[in-house]
Amino acid sequence: DTPQPPSTSIGPHTGLGSGAEISRDFSGAFRAPLDSGFFHPAIPLPSPVPSWVRAGNLETPVSAPERVQSEGPAEDGDEAVEDGGQEAAWEDEGYLPGYEFLAPPKLLTGAWGEYSQVPENFLKGCKWAPDGSCLLTNSADHTLRIYNLPVELYGPEWGDVAEMSPVLRMAEGDTVYDYCWFPLMSSADPPTCFFASSSRDNPIHVWDAFHGELRATFRCYNHLDELTAAHSLCFTPDGSQLFCGFDKAVRVFDTERPGRMCESRPTFAKKQGQSGIISCIAFSPTQPLYACASYSRTVGLYSRAEGVLLAMLQGHRGGVTHTLFSPDGTCLFTGGRKDPKILCWDLRQPDRVLFSMQRMVATNQRLYFDLEPSGRFLVSGTTEGLVSVWDTAQPPSCCALLTLSPLCSSLHPSLPMLASASGQREFLEPWDSSEEDEGGGSGHPQRPAGGQNCLQLWWCG
């Protein structure tokens with residue numbers, strides 16, 4: 001039998017806390033009132049693997065030896081299952097990684113040389129795979145890269161961890177707008193190992209995460225039958241549909257059916273609704289609804305089945321670029337460009353900001369933030385060159401952990417590990433022609449000493 005890598009399951013999560021000015025019971029999980037409009041009992045949905053992902057010889061990947069490296073510890077995981085060991089304990093007890101942010105994290109390894117070969121190749125973000133086996137990055141050279149979790153971290157004792165190198169590179173034709181993993185991705189089942197990406201003037205691409213090959217495309221057309229690119233992407237939690245954000249509209253594709261057939265859901269019609277480009281989409285983990293963030297500084301809550309607007313959240317100073325539900329689905333975190341606050345909304349009273357968290361975002365760059373699986377700690381990069389951490393169970397306060405350069409961060413789903421993507425565009429200094437004449441030099445402006453373009457892994461346990 002082919003050995004399978006260990007898997008973990010995330011158990012029940014407790015509710016999020018709030019600021020001191022809000023009176024709330026922290027003794028257990030939140031309960032949604034029956035009259036709260038769009039809260040209904042969660043309906044179990046099927047979890048199909050699209051038929052097209054099994055096309056070709058994908059069951060036994062042999063042409064990507066680098067990605068197969070991640071299967072190295074599979075024997076240990078297999079023994080644990082047979083012996084009824086650690087995996088069974090995680091299944092029964094609801095295993096959660098033990099993140100600790102009382103002390104600065106420890107640098108494990110990173111990728112520096114990969115982003116120094118091309119000038120101005122700063123990173124724009126990173127996202128862990130749902131099973132935690134690899135990491136996906138996006139950078140200014142329009143290339144998506146996949147890094148395996150270093151094999152040294154699978155052992156009981158760690159020594160020096162070598163610098164990371166990408167095992168796959170997927171080049172897009174232009175600026176990458178968004179990218180997202182298939183939510184049921186598992187390295188133990190290669191057909192589920194894929195992700196979607198959208199770039200300027202290109203269709204939505206579905207990439208194989210084992211071989212780096214293009215599996216399928218989803219094509220969107222405007223009223224002139226011209227190809228138009230999606231600004232945001234998000235699979236439904238069961239993986240059956242792909243939601244794509246456009247100007248004043250969301251389009252829904254069936255994952256099983258690549259091509260151009262889709263459902264169009266306008267977000268603004270007859271001068272009513274949510275205007276602007278839909279910059280981010282997120283699904284509630286417990287309720288049949290989703291959130292759409294817009295560059296028009298609004299966040300809309302919609303029913304998943306029909307796309308009916310249920311509530312409109314307003315309060316940001318800049319266009320909203322990222323949104324994230326709490327694990328229990330009762331809170332929604334939103335952040336924007338050139339906006340100094342991350343807002344936490346209580347979805348039982350959608351017109352109310354529960355509390356806010358201060359961060360510095362002085363540019364139009366999308367700065368991601370992330371919640372660890374229990375929902376307690378929220379981390380975010382800033383344009384000051386810091387990674388900031390908030391304990392959402394306490395009154396809003398912040399501690400700065402790292403000093404690098406403008407950052408995006410992503411938390412590992414099953415290990416207390418933080419991935420940070422850093423870098424910035426560096427502008428040449430102005431120069432005076434008189435200085436060239438006096439000094440006899442070439443007169444070329446000097447490159448400023450900016451932050452380092454790199455990907456780094458930090459241990460936060």
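As the structure is a prediction and not an experimental result, all values here were calculated from the model.
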Could you verify whether a donor N or O on one side chain and an acceptor N or O on the other, from [X] and [Y], lie under 3.5 Å apart?
X      : Y      : value
Ser422 : Ser420 : no
Glu172 : Ser197 : yes
Tyr115 : Thr137 : yes
Arg145 : Ser139 : yes
Asp131 : Ser187 : yes
Thr236 : Gln241 : no

Residues [X], [Y]: salt bridge by 4.0 Å N-O rule:
X      : Y      : result
Asp178 : Lys127 : yes
Asp346 : Arg352 : no
Arg304 : Asp238 : yes

Under 3.5 Å, is there a donor-acceptor pair between the side chain of [X] and the main chain of [Y]?
X      : Y      : result
Glu372 : Ser374 : yes
Ser296 : Gln274 : no
Ser294 : Ser275 : yes
Thr217 : Pro203 : no
Ser380 : Phe369 : no
Thr286 : Asp328 : yes
Gln314 : Arg297 : no
Ser199 : Val176 : no
Ser303 : Val308 : yes

Could you tell me if the side chain of [Y] sits less than 4.5 Å from the side chain of [X], heavy atoms only?
X      : Y      : result
Leu418 : Trp459 : no
His322 : Ser279 : no
Trp345 : Leu354 : no
Val252 : Cys262 : no
Ile204 : Cys244 : yes

Can you measure from [atom1] ([X]) to [atom2] ([Y]) and round to the nearest 0.5 angstrom?
X      : Y      : atom1 : atom2 : value
Thr143 : Leu168 : OG1   : CG    : 12.5 Å
Cys234 : Tyr290 : SG    : OH    : 11.0 Å
Arg366 : Arg337 : CZ    : CZ    : 9.5 Å
Tyr302 : Phe283 : OH    : CZ    : 12.5 Å
Gln456 : Trp112 : CD    : CH2   : 5.5 Å
Thr192 : Phe210 : OG1   : CZ    : 8.5 Å

- Message: With side chain to side chain contact (heavy atoms under 4.5 Å, CB included) as the criterion, how do Asp208 and Phe194 come out once you've worked through the C-alpha distance, each side chain's angles and the decisive distance to 0.1 Å?
- Response: CA-CA 5 Å; Asp208 186 288; Phe194 62 91; 5.6 Å; no

- Take Asp141 and Phe122 through the test side chain to side chain contact (heavy atoms under 4.5 Å, CB included) and record every step on the way to the result. CA-CA 8 Å; Asp141 61 354; Phe122 59 93; over 6 Å; no

- Message: Parallel, tilted or perpendicular, judged at 30° and 60°: which one describes the rings of Trp128 and His412?
- Response: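 Ring orientation of Trp128 relative to His412: perpendicular.
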
Honestly, is [X] close enough over [Y], meaning NZ or CZ under 6.0 Å from the six-membered ring centre and within 45° of the axis?
X      : Y      : result
Arg376 : Phe101 : no
Arg200 : Tyr177 : no
Arg251 : Phe243 : no

- Verdict with supporting geometry, Leu227 and Arg219, side chain to side chain contact (heavy atoms under 4.5 Å, CB included): CA-CA 7 Å; Leu227 183 69; Arg219 300 184 299 276; 4.1 Å; yes

- Query: Would you say Lys124 has more than 12 foreign heavy atoms packed within less than 6.0 Å of its NZ?
  - Reply: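 Correct, the count exceeds 12.
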
State, to 0.1 Å, how close [X] and [Y] come at their nearest heavy-atom pair, and which atoms those are.
X      : Y      : value
Tyr179 : Gly125 : OH-C, 3.2 Å
Cys134 : Ile146 : CB-CG2, 3.9 Å
Ala293 : Val320 : CB-CG1, 3.5 Å

- Query: Can we call the ring centroids of Phe246 and His231 under 6.0 Å apart?
  - Reply: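 Centroid separation for Phe246 and His231: 6.0 Å or greater.
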
- For the residue pair Phe377 and Tyr99, is the inter-centroid distance of their aromatic rings smaller than 6.0 Å?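 Between Phe377 and Tyr99, the centre distance exceeds or equals 6.0 Å.
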
- Message: Before you tell me yes or no, could you show the steps for Trp390 and Val379 under side chain to side chain contact (heavy atoms under 4.5 Å, CB included), namely the whole-Å CA-CA distance, both residues' side-chain angles and the distance that decides it to 0.1 Å?
- Response: CA-CA 7 Å; Trp390 295 270; Val379 300; over 6 Å; no

- Among Arg359, His316, Arg317, which residue meets the side chain to side chain donor-acceptor pair (under 3.5 Å) test with Asp339?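 One option only clears the test, and that one is His316.
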
